[in-house]
Amino acid sequence: MCGIIGITGRDDAVDGIVAGLQRLEYRGYDSAGLVAAGANQLRVVKRAGKLDNLIGALKGSGLSARAGIGHTRWATHGEPNDRNSHPHTDPTGRVAVVHNGILENYQQLRRQLPDQRFASDTDTEVAAHLVARELDRMDDPDLFEAVRRVVAGLEGAYSLCFTATDEPDTIVVAKNEAPLIVAHADGVGYCASDVAALIAHTRDVAALIDGQLAKITPEGVEVTDVDGNASEPHAYTVQWDVEAAEKQGYEHFMLKEIHEQPTAVRETLRDRITDDGGQQGGGRLHLDELAIDERDLARIDKVFILACGTSLHAGMVGKLAIEHWAGIPVDVEVASEFRYRDPIVDAHTLVIAISQSGETSDTIAAASHARDQRAPVIGLCNVVGSTLAREADGVLYTHAGPEVGVAATKTFVTQIIGCLLLGLYLAQVRGRLYPSECQDILERLQQIPGAIDEILAQDGDIAELAKRYAETDYTMFIGRHAGLPIAYEGALKLKEISYLHAEAFPAGEMKHGPIALIEEGSLVVALAPEGHVFSKMVSNIQEVRARGADVIAIGSAGTTSDLKDHADHVLTLPEAPHELATPVLATIPLQLFAYHVATIRGEDVDKPRNLAKTVTVE
Ligand code: F6R
């Protein structure tokens with residue numbers, strides 16, 4: 001997630017900005033930059049890659065200023081390169097801006113400036129152009145007023161931070177659906193994406209509320225609403241140290257990322273419908289980065305989904321979605337296996353390679369093996385500009401933001417969302433669903449973030465269960481249909497962070513072997529939400545219970561009372577907006593269960609032994 005820092009009123013503002021950016025590094029980024037503000041000139045230095053590249057560029061430059069703004073960028077629009085790094089300026093260099101979020105209407109806004117050349121591919125740059133235009137129009141230029149007018153026309157999520165040559169000591173910020181903190185201490189004004197960047201200077205901060213703007217000067221901070229009326233931000237005193245501040249008060253990144261899932265899902269679903277001009281009675285689902293001709297997609301007769309680990313489990317949901325909605329046969333395969341056999345692949349085979357990092361060498365190699373045989377490849381990635389995203393013919397990004405914990409959580413649920421979108425899109429392209437049907441399903445999917453919040457509220461009950469079973473050496477996860485990928489994922493989460501033995505089976509396979517493992521006191525986690533296989537799951541639960549297993553059942557609102565007679569413990573999911581969306585909900589309690597078991601056992605959940613976040617070797 002992008003990081004912002006602004007400082008005004010210190011002779012060494014540039015050093016302060018660099019130190020602030022270092023504190024924001026944990027958020028993940030692919031480029032960094034800053035602007036030193038001055039009355040004659042805004043001096044911008046920015047570099048793709050690590051902060052060290054920026055620091056290297058600053059070395060010996062003698063750049064100093066009493067005010068400036070800095071940014072670490074996590075790319076959402078445009079490749080991560082020097083040109084797309086922030087800050088961005090208008091063509092005259094009068095206004096500079098940094099931004100965290102997505103300006104959804106940036107293309108319409110760019111069209112308001114037909115004569116202007118844009119220096120980057122970003123959604124952000126247009127904001128600097130528009131503020132400069134407002135300043136040009138004013139007899140008595142006022143940066144705050146210019147920003148206020150521009151912000152009124154913005155759509156999307158943003159925390160924006162501006163500086164201008166007109167008022168080099170002034171920083172103006174605006175917030176909507178992306179975090180922004182302001183502060184003032186000892187004659188210095190500050191703003192930042194989160195308290196980690198400010199904690200070295202002050203613990204007394206104020207979080208802006210959506211729709212607020214602030215004018216920050218060495219004299220103080222003035223906050224208003226979008227109409228310019230004085231408005232109160234949420235002021236508080238930070239109790240955390242720097243390390244805790246990076247985790248925003250959560251004990252671990254994994255827990256923070258579990259709690260970020262409602263936002264991550266919202267971002268991945270955001271802005272997927274375009275107006276079809278009334279042609280087919282509604283909007284069309286569009287996946288804009290998917291640069292594969294719809295006519296080619298309509299001719300596909302087979303799909304391979306290739307991935308590793310958790311991403312593979314998301315792919316298993318993808319299979320269900322594509323077969324159900326688009327009616328195309330799908331194979332899901334471990335990427336490291338696919339590349340060493342002779343898969344039957346041709347130009348009519350679509351390959352979907354799923355990788356949050358986009359750098360997993362097995363997945364990249366498998367995708368290129370398929371491309372060699374002329375199969376079009378779609379990358380489903382979280383990291384913009386990653387190797388897979390660059391090499392694939394088309395890419396669909398999950399917008400989960402960077403994931404620091406090694407165990408994938410928020411990227412997993414957004415991969416499932418990505419798979420559902422692909423299933424719907426292929427159905428639309430092949431004429432299997434009317435746009436209005438697609439739109440209806442998409443609208444229902446918008447209920448998912450709220451449903452995840454409801455599950456997160458059950459954390460206390462899940463922690464109690466974890467306490468009870470933290471010493472259980474072996475846990476078996478069982479599921480069917482949409483529950484099966486989550487059984488696999490539940491087992492993977494538990495084993496990778498708690499080092500306890502856990503494995504998953506299709507519930508129907510139990511009687512063909514695995515049930516021999518069940519004895520008095522075994523633990524079975526059964527995925528039994530509402531759906532067409534529910535009664536089959538109840539039979540499987542009865543089978544293991546009769547042989548002495550303790551059963552934790554994951555049920556849903558409509559099935560809880562039936563399950564209570566058969567399982568020792570029932571965790572209840574809210575009603576899912578679609579049966580194929582159940583996996584997104586069902587995975588949340590299992591993430592929390594694994595997390596609590598691991599912390600009770602004193603394991604390092606963010607950095608489990610023997611594992612790396614990105615596996616770039618075979
Ligand atoms: C498990 C986990 C791994 C990754 C796997 C693939 O929590 O994170 O199993 O899912 O290494 O990584 P990506 O998705 O980056 O290709």
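Note that ligands are numbered from 1 as they come in the structure, with each ligand's atoms numbered from 1 the same way. Heavy atoms only: backbone and side chains are in, while hydrogens, waters and symmetry mates are out.
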Q: Assess Arg609 against Tyr499: is NZ or CZ under 6.0 Å from the centre of the six-membered ring, and within 45 degrees of the ring's axis?
A: yes
Q: Provide the number and element of each atom of ligand 1 under 4.0 Å from a heavy atom of Ala407.
A: 7 (O)
Q. Quick one: are the ring centres of Tyr469 and His569 less than 6.0 Å apart?
A. yes
Q: Below 4.0 angstrom from a heavy atom of Glu496, which ligand 1 atoms are there? Numbered from 1 as shown, please.
A: 1 (C), 7 (O)
**Q.** Protein heavy-atom partner closest to atom 12 (O) of ligand 1 - residue, atom, separation in Å
**A.** Thr360 OG1, 3.5 Å
Q: Specify the protein heavy atom at minimum distance from atom 10 (O) of ligand 1: its residue, its atom name, and the distance to 0.1 Å.
A: Thr310 N, 3.1 Å
Q) Under a 4.0 Å N-O cut-off, is there an ion pair linking Glu403 with Lys613? A) yes
Q) Could you give the distance from CG (Leu527) to CE (Met537), rounded to the nearest 0.5 Å? A) 6.5 Å
**Q.** Protein contact of atom 14 (O) of ligand 1 - nearest heavy atom, named by residue and atom, plus distance
**A.** Ser311 OG, 2.6 Å
Q.
Is the contact between Thr411 and ligand 1 made by the side chain, the backbone, both, or neither, using heavy atoms and a 4.0 Å cut-off?
A. neither
Q) Of all the heavy atoms in Thr409, does at least one lie under 4.0 Å from an atom in ligand 1? A) no
Q: Look at atom 11 (O) of ligand 1 and say which protein heavy atom is nearest, naming residue and atom and giving the distance to 0.1 Å.
A: Val615 CG2, 4.1 Å
Q: Please indicate whether any nitrogen or oxygen in Lys613 is less than 3.5 Å from any nitrogen or oxygen in ligand 1.
A: no
Q | Mutual orientation of the aromatic rings belonging to Tyr158 and His99 [parallel < 30°, tilted 30-60°, perpendicular > 60°] | A | tilted
Q.
Is it the case that ligand 1 has an N or O less than 3.5 angstrom from some N or O of Ala408?
A. yes
**Q.** Distance from atom 5 (C) of ligand 1 to nearest protein heavy atom, with residue and atom
**A.** Cys308 O, 3.7 Å
Q. Of all the non-hydrogen atoms in the protein, which one sits nearest to atom 15 (O) of ligand 1, and at what distance?
A. Ser357 OG, 2.6 Å
Q: State whether Lys302 and Asp331 are salt-bridged, where the test is any N-O pair (Lys NZ or Arg NE/NH1/NH2 against Asp/Glu carboxylate O) under 4.0 Å.
A: no
Q: May I ask you to check whether over 12 heavy atoms, not counting those of Arg390, lie within 6.0 Å of atom CZ?
A: yes
Q) Is it true that Lys256 and Glu260 make a salt bridge, defined as a side-chain N closer than 4.0 Å to a carboxylate O? A) yes
Q: For Ser355, counting its heavy atoms only, list the atoms of ligand 1 lying under 4.0 Å from any of them.
A: 13 (P), 14 (O), 15 (O), 16 (O)
Q | Residues Glu251, Lys247; criterion salt bridge (charged side-chain N to carboxylate O under 4.0 Å, His left out); working and verdict | A | CA-CA 7 Å; Glu251 209 178 322; Lys247 295 175 189 145; over 6 Å; no
